[in-house]
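Structure first, commentary second.
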Amino acid sequence: MNIGTNIIEIHQLLSFVIPCYNEEEVIMETVKRLKGFCLELQNLNVELIFVDDGSHDRTREILKTFAADDHRIRIIGFARNFGHQIAVTAGIDAANGDAVVLIDADLQDPPEVVHQMIEKWREGFDVVYGTRTERLGESAFKLATARSFYRLLTRLSDVPIPLDSGDFRLISRHVVDILRAMPECDRFVRGMVSWAGFRQISLPYTRAERFAGKSKYPLTKMLRFAVDGIISFSTKPLQMAVAMGMSCAFLAVLGIFYALYLRLFTNIWVEGWTALMIAILFIGGVQLISVGILGEYIGRIYIESKNRPLYIVQEYFGYGEIGPAMSRSPDVFRKS
Ligand code: UDP
Ligand code: MG
């Protein structure tokens, strides 16, 4: 008797995590592009996790209409705007995939590059991060500030964080598990991925122009992000405060010798008001900067010590029976 064997091929699952904040102008196109891209994937199942970071426009509504007739689309709806890095974190937490691709909603990161990321992943790499060789449609100011930020960060950070790479990357299940085990509130995801280690490789790509809509990172938010990145990955600013203090003390000693010399060996006296004011302002500035640097660290200790959940999910949509792999939100049961 010939016993037939049923070979069931089990495909791996790839999760896309797409943070969205007020992206109604672009979101339809993004869903279409990603769905089109999924058709090209062989031997891979896909889930598209859109994290709606408390949008005030129709983003969530539009996503829901897509999710209603595509079981691969899932929506994590935040109760308010928690910020890009937290949205990415929630997506990584919820992903059920064997690998996760982080990609922006504005189509600046071309989905087509993911083909090469998957190839590298299959070769055994755990992290394939996109490195921007060119950035189209960005202002000269943004280009210059981004460039300096990445260079400053690499200099200051205790962990080697790759130059010119954002969050567009593929990460394997191993790294996903590590990120899930990291409880900190101050999340600089690309730095955390570098910190995790494993086999990481860069993939050069050209960053496209935003498809539509405006950047959600105005200068103030960008500066905050830069400070977050530096402070959460380095204690060097504290050492810099000490160095500034030492330099001031050194200058003061020189001043003392200079004043003594004039007083003892010449008939000239150091003039009072100007020298005094400059010294007071200088020392005052250095002290305030040092206290400010200290404050940045203490503020973070304060926030961490409150131990609040990282994000609050108002609803999980499109999850059906599967459910999110993990959630840090207190209300994990509301899913549809
Ligand atoms: N984003 C978000 N929450 C925010 C700000 C931005 O989820 O508070 C998303 C946004 O929808 C986009 C991605 O993060 O998908 C990157 O933002 P953006 O394109 O505005 O940044 P830029 O590319 O200009 O640096
Ligand atoms: Mg963008």
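Just so you know, these numbers come straight off a predicted model, no measurement behind them. In listed order, ligands and their atoms are each counted from 1.
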**Asked** Protein N, O or S atoms less than 2.8 Å from the Mg ion (ligand 2), ignoring waters?
**Response** Asp106 OD2, Gln108 OE1

**Distance from atom 19 (O) of ligand 1 to nearest protein heavy atom, with residue and atom** = Asp106 OD2, 2.6 Å

**Request:** Please state whether Arg207 comes within less than 4.0 angstrom of ligand 1, counting heavy atoms only.
**Result:** yes

**Message:** What protein heavy atom lies closest to atom 21 (O) of ligand 1? Include the residue and the distance to one decimal.
**Reply:** Tyr217 CD1, 3.3 Å

**Request:** Can you pull out the closest protein heavy atom to atom 14 (O) of ligand 1? Residue, atom name and distance to 0.1 Å, please.
**Result:** His84 CD2, 3.3 Å

**Asked** So, Arg33 and Glu112, do they make that salt bridge, N to O below 4.0 Å?
**Response** yes

**Item:** Residue and atom name of the nearest protein heavy atom (relative to atom 16 (C) of ligand 1), distance in Å to one decimal
**Value:** Asp104 OD2, 3.4 Å

**Residue portion contacting ligand 1 (non-hydrogen atoms closer than 4.0 Å) for Lys221** = side chain

**Message:** At less than 4.0 angstrom from any non-hydrogen atom of Cys20, what atoms of ligand 1 do you find?
**Reply:** 7 (O), 11 (O)

**Asked** When clusters are formed by joining ILVMFWY residues with side-chain heavy atoms under 4.5 Å apart, either directly or through shared neighbours, do Leu63 and Phe37 land in the same one?
**Response** yes

**Prompt:** In terms of atom number and element, which parts of ligand 1 are under 4.0 angstrom from non-hydrogen atoms of Ala105?
**Reply:** 15 (O)

**Asked** Is it the side chain (CB and beyond), the backbone, both or neither of Pro19 that lies under 4.0 Å from ligand 1, heavy atoms counted?
**Response** both

**Request:** Before accepting this row, confirm whether a basic side-chain N of the pair Arg132/Asp109 lies closer than 4.0 Å to the acidic partner's carboxylate O.
**Result:** no

**Asked** For atom 1 (N) of ligand 1, which protein heavy atom lies nearest, and how many Å away is it?
**Response** Tyr21 CB, 3.8 Å

**Asked** What protein heavy atom sits nearest atom 20 (O) of ligand 1, and how far off is it?
**Response** Lys216 N, 2.4 Å

**Item:** Pair Asp164 + Arg147: basic N to acidic O under 4.0 Å
**Value:** no

**Prompt:** What residue and heavy atom of the protein are closest to atom 4 (C) of ligand 1, and at what distance?
**Reply:** Asp53 OD2, 3.4 Å

**Message:** Within the supplied structure, the quantity of interest is the number of heavy atoms (other residues, nucleotides, ligands) at a distance under 6.0 Å from Met28 CE; does it exceed 12?
**Reply:** no

**Item:** Residue among Tyr205, Phe16, Tyr129 satisfying ring pair (Phe, Tyr, Trp, His ring centres under 6.0 Å) with Phe168
**Value:** Tyr205

**Request:** Before accepting this row, confirm whether a basic side-chain N of the pair Asp52/Arg60 lies closer than 4.0 Å to the acidic partner's carboxylate O.
**Result:** yes

**Request:** Enumerate the residue pairs fulfilling salt bridge (Lys or Arg N to Asp or Glu O under 4.0 Å) with a member in residues 277-301, sequence neighbours excluded, ordered by first and then second residue.
**Result:** Asp186-Arg300, Arg224-Glu296, Asp228-Arg300, Glu296-Arg300

**Asked** When rounded to the nearest 0.5 angstrom, what is the spacing between OH in Tyr21 and CG in Asp57?
**Response** 9.0 Å

**Asked** Thinking salt bridges, do Glu25 and Arg58 make one under a 4.0 Å N-O criterion?
**Response** no

**Message:** Considering non-hydrogen atoms of the protein only, which is the closest contact for atom 23 (O) of ligand 1, and what is the distance?
**Reply:** Gln108 OE1, 2.7 Å

**Item:** Atom CD of Glu123: over 12 foreign heavy atoms under 6.0 Å
**Value:** yes

**Note: Asp126-Arg199 ion pair, threshold 4.0 Å (strictly below)** = no

**Request:** With atom 8 (O) of ligand 1 as the reference point, say which of Leu102, Asn81, Val88 has the nearest heavy atom.
**Result:** Asn81

**Request:** Give the contacting part of Glu23 toward ligand 1: side chain, backbone, both or neither, where contact means a heavy-atom distance below 4.0 Å.
**Result:** side chain

**Asked** Quick one: CG on Leu179 to CE on Met192, what's the gap to the nearest 0.5 Å?
**Response** 5.5 Å

